[in-house]
Amino acid sequence: MMQIKKAAVIGGGAMGGSIAHLLSSAGIECFIKDIEQKFIDKALEQSRNIYDKQVKKGKLDPKKADEMQGLLCGSVDYDKKFMGDVDLVIEAVPEIMKIKQGVFTELEKICPGRTILASNTSTLSLSDISAKIKDKSRFVGLHFFNPAHVMKLVEVIYDENTSRETVGTMMEFSQVIGKVPIKVKNGPGFAVNRILIPYMNEAVLALMEGEGTMEKIDDAMADLGMPMGPFSLWDLVGLDVGLHASKTLEEAYPARTPIPELLKHLVDKKMIGQKAGKGFYDYSSGGEIPSKEVERFLDNWKKDNPQSDLAFSPDRLMAVQIREALWILSDGLASAHDIDTGMVYGTNFPTKAAWGPLHYAEDVGWDAVNDLLCSLSCEYGPERFTAPALLGDLLKGESAFDNCTYEVDSDGVAVMTIDNPPMNTLGRKTKEDITRAVLHAVADPRVRVILLTGRGRAFVAGADIEEMKRFKAISEGIELSNRGYRMTNTIEEADKPVIAVINGFCLGGGLELAMSCHMRIASDKARLGLPEITLGLIPGFSGTQRLPRIVGKAKGLEMILSGSHYSAREAFEMGLVNQVVPHDRLMDEARSLARTIASKSRVAVGAAMGAVMSGLEVSFEEGLLIEAENFGRVAVSQDAKEGLDAFLTKRRPEFKDR
């Protein structure tokens, strides 16, 4: 993937300035372009102030702060020399289609063909913005959340024209700059706003129907674990901003996402939230007091609209989140994990309740969710609470989640990702999904090499402790180990190379999983170990057998009996990992190795793996017989003839895998 070393931000407003600061903090040289110098100056001042605060708190060295601030520059005119060598341009101008289209038309003329062009739009269609661009393959959405240097989430938005390489580069780039990216196909509201805005609007509808006061509704959702109630959130986000997003959704899904009249009324009255001093609440006295204007509106509304005799229940708002998440999943716009991760990092969905609305629904049970939606449909009409046909599959016992998936590139390298947030623990389903994914990849004719890694900051942080806490019989522990062995043995016995790409915590069952892979590459930030002994347990997924065979009996026992964690460098020195590479280069280095292997003859690669893996299980003399048999088989292959001829004629061989 292309490395981003030079970037430009178009628009020096609050969001553009925040993005520019973020890029400089990641060591990326950044040029800020705006139509007025005052906005550029303000963006530079904003960045300087953030660095100064970090220095004052002792979190940043003054010299380092100066170096990072020095990466920023700006002008009302494009710096042609800088733009002629820029890797990434992020547009952060006002949400006006004509302005955005004009920006990208100009950028395409002055940027190199390799430059990735990204929009930070939060509401406009990516396809419409890029309509006038000739090379749409390099155009992508990078939706940062405000403030960009604080909020962890980035929605990487793509459409049918965006190349896989562009999306992959932006996903990895987002991780390099410290963000949590989710991949979303272009659609109204993308993922987070498509769920959040209807949830917030449903609270307004409940208020208008008399189910509860603003304070009661806010308190009920806060008691559920939400960081704040929906009306406080409206005032924080800004009612004008929310109304703009609501219009986009209502236009696309009018029956499901109606805009409450109260929201329109308050925006008409210029009561747009905290920034105006008034919104749903009045902040003029320094506190948060229900707005008199809201009370007046509700008094008038009640005269012509019947009021509900039901008391407000948080289930009504949670059902909206689940409903819309299911529609996004059904429409194929994002994976279940990305939807939930977006809600956790984009809205602070309470992880004590569940990792997002779809995990919440699975924990509650799809039967209960279906009953709730049916009940709400009867009460408020089927238009707002009808779920997609996908719910029928979930009611039959299927899961919304796939905890291990892979994608294959044109070189035959499959990147297989374990995704069980937040730490990729090896629960029963995750082990089964890993086993299934490996078997599929081994059978997939496109795949030549498999890179196995973890999503987020962990490769795998261990087994599922909650699962083990439920054990009541010895047989349950034995069965857990056997399920682990099925996973690790499937990997070790694969006839295609499986390389563990250890991106973070690799502990307990995670290290046992990594040791079953044929090779291991670790980030310099990775931590490895078998800490089971500290819990009164021992490794149960083959760790007591594989570790001593890799590092030796004495060192293996030391690691197991101490339960210590080890740095990637220490793991390398004891032979536990093959390579240690800088964290921001991890996937590039892993892909480089995988592509080198993938370029070789499958016949020879399979024979070499068979000789090594089978030979380790027998005596040296028997191993030699295995080697000889494999050597004889490949020596008469067409690929061997091609390889020898290419060597003698000084050309690159073209293997046919036969």
Side-chain angles (χ1 to χ4, degrees), residues 418 423-426 431 434 438 450-454 458-463 481 484-494 497-583 586 589-590 593-594 597 608-620 622-623 626:
I418 303 164
M423 298 299 284
N424 298 328
T425 51
L426 292 174
K431 291 193 292 287
I434 292 171
V438 172
I450 301 167
L451 297 177
L452 180 63
T453 191
F459 175 74
V460 168
S481 285
Y485 300 154
R486 282 194 285 275
M487 173 186 67
T488 56
N489 289 344
T490 296
I491 293 171
E492 188 171 72
E493 293 166 6
V498 182
I499 304 171
V501 184
I502 304 171
N503 54 301
F505 293 106
C506 181
L507 304 172
L511 181 54
E512 292 174 289
L513 173 65
M515 288 190 294
S516 70
C517 297
H518 305 117
M519 287 161 273
R520 289 165 288 282
I521 298 177
S523 156
D524 56 4
K525 295 183 178 180
R527 301 289 295 178
L528 303 88
L530 294 176
E532 288 89 345
I533 200 80
T534 63
L535 304 176
L537 297 167
I538 68 169
F541 293 165
S542 71
T544 64
Q545 303 306 303
R546 284 196 172 93
L547 183 61
R549 285 169 167 80
I550 295 172
V551 302
K553 181 175 69 174
K555 191 63 182 178
L557 277 171
E558 177 191 328
M559 292 180 66
I560 292 169
L561 297 180
S562 70
S564 297
H565 293 191
Y566 297 83
S567 69
R569 180 57 54 186
E570 290 172 317
F572 173 75
E573 290 171 354
M574 67 178 77
L576 187 55
V577 300
N578 298 68
Q579 297 180 40
V580 177
V581 300
H583 186 71
L586 179 63
E589 295 295 333
L593 173 60
I597 297 170
M609 289 186 62
V612 171
M613 302 307 293
S614 299
L616 287 172
E617 297 177 3
V618 298
S619 68
F620 183 76
E622 291 173 305
I626 293 172

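Just the heavy atoms: all of them, side chains too, but no hydrogens, waters or symmetry mates, feed the values below. This chain uses plain numbering: 1 for the first residue, then up along the sequence.
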For Val498 and Ala494, the nearest pair of non-hydrogen atoms, with its separation, is CG2-CB, 4.1 Å
Between Ser523 and Leu586, the two heavy atoms sitting closest are N-CD1, 3.7 Å
On a heavy-atom basis, the closest approach of Ile626 and Gly610 is CG2-O, 4.3 Å
The reported gap from CE in Met609 to NE2 in His518 (rounded to nearest 0.5 angstrom) is 3.5 Å
Which donor-acceptor pairs under 3.5 Å do side chains of residues 526-537 form with protein atoms, sequence neighbours excluded?
residue : atom : partner : partner atom : Å
Thr534  : OG1  : Pro531  : O            : 2.5

| field | Evaluation steps, side-chain contact (heavy atoms from CB on, under 4.5 Å), between Leu547 and Leu576 | value | CA-CA 8 Å; Leu547 183 61; Leu576 187 55; 3.9 Å; yes
Applied to residues 539-567, the salt bridge (Lys or Arg N to Asp or Glu O under 4.0 Å) test, sequence neighbours excluded, yields Glu492-Arg546, Lys555-Glu558
Main chain of Ile521, side chain of Asn578: is a donor-acceptor contact present, judged purely on distance under 3.5 Å? no
Distance-only criterion, 3.5 Å: show the donor-acceptor pairs between side-chain atoms of residues 503-515 and protein atoms not counting sequence neighbours.
residue : atom : partner : partner atom : Å
Asn503  : OD1  : Thr453  : OG1          : 3.3
Asn503  : OD1  : Gly454  : N            : 3.3
Asn503  : ND2  : Gly454  : O            : 3.0
Asn503  : ND2  : Gly456  : O            : 3.0
Asn503  : ND2  : Ala458  : O            : 3.4
Glu512  : OE2  : Gly540  : N            : 3.3
Glu512  : OE2  : Phe541  : N            : 2.7
Glu512  : OE2  : Ser542  : N            : 3.3
Glu512  : OE2  : Gly543  : N            : 2.7

Quick note, side chain to side chain donor-acceptor pair (under 3.5 Å) partners involving residues 561-577, not counting sequence neighbours, are Ser562-Ser564, Ser567-Glu570
Taken to the nearest 0.5 Å, the spacing of Phe459 CZ from Ile418 CD1 works out to 4.5 Å
Sequence neighbours excluded, the answer for side-chain contact (heavy atoms from CB on, under 4.5 Å) partners of Pro582 is Asp524, Asp584, Arg585
CD1 (Ile491) and CD1 (Ile434) are apart, to the nearest 0.5 Å, by 6.5 Å
Got Met519 and Ile597 here, is their nearest side-chain heavy-atom distance under 4.5 Å?
-> yes
Those residues at least two apart in sequence (or on a different chain) that pass side-chain contact (heavy atoms from CB on, under 4.5 Å) with Ala608 are none
Exercise. Would you check if the side chain of Lys431 reaches a backbone N or O of Leu426 as a donor-acceptor pair within less than 3.5 Å?
Key: yes
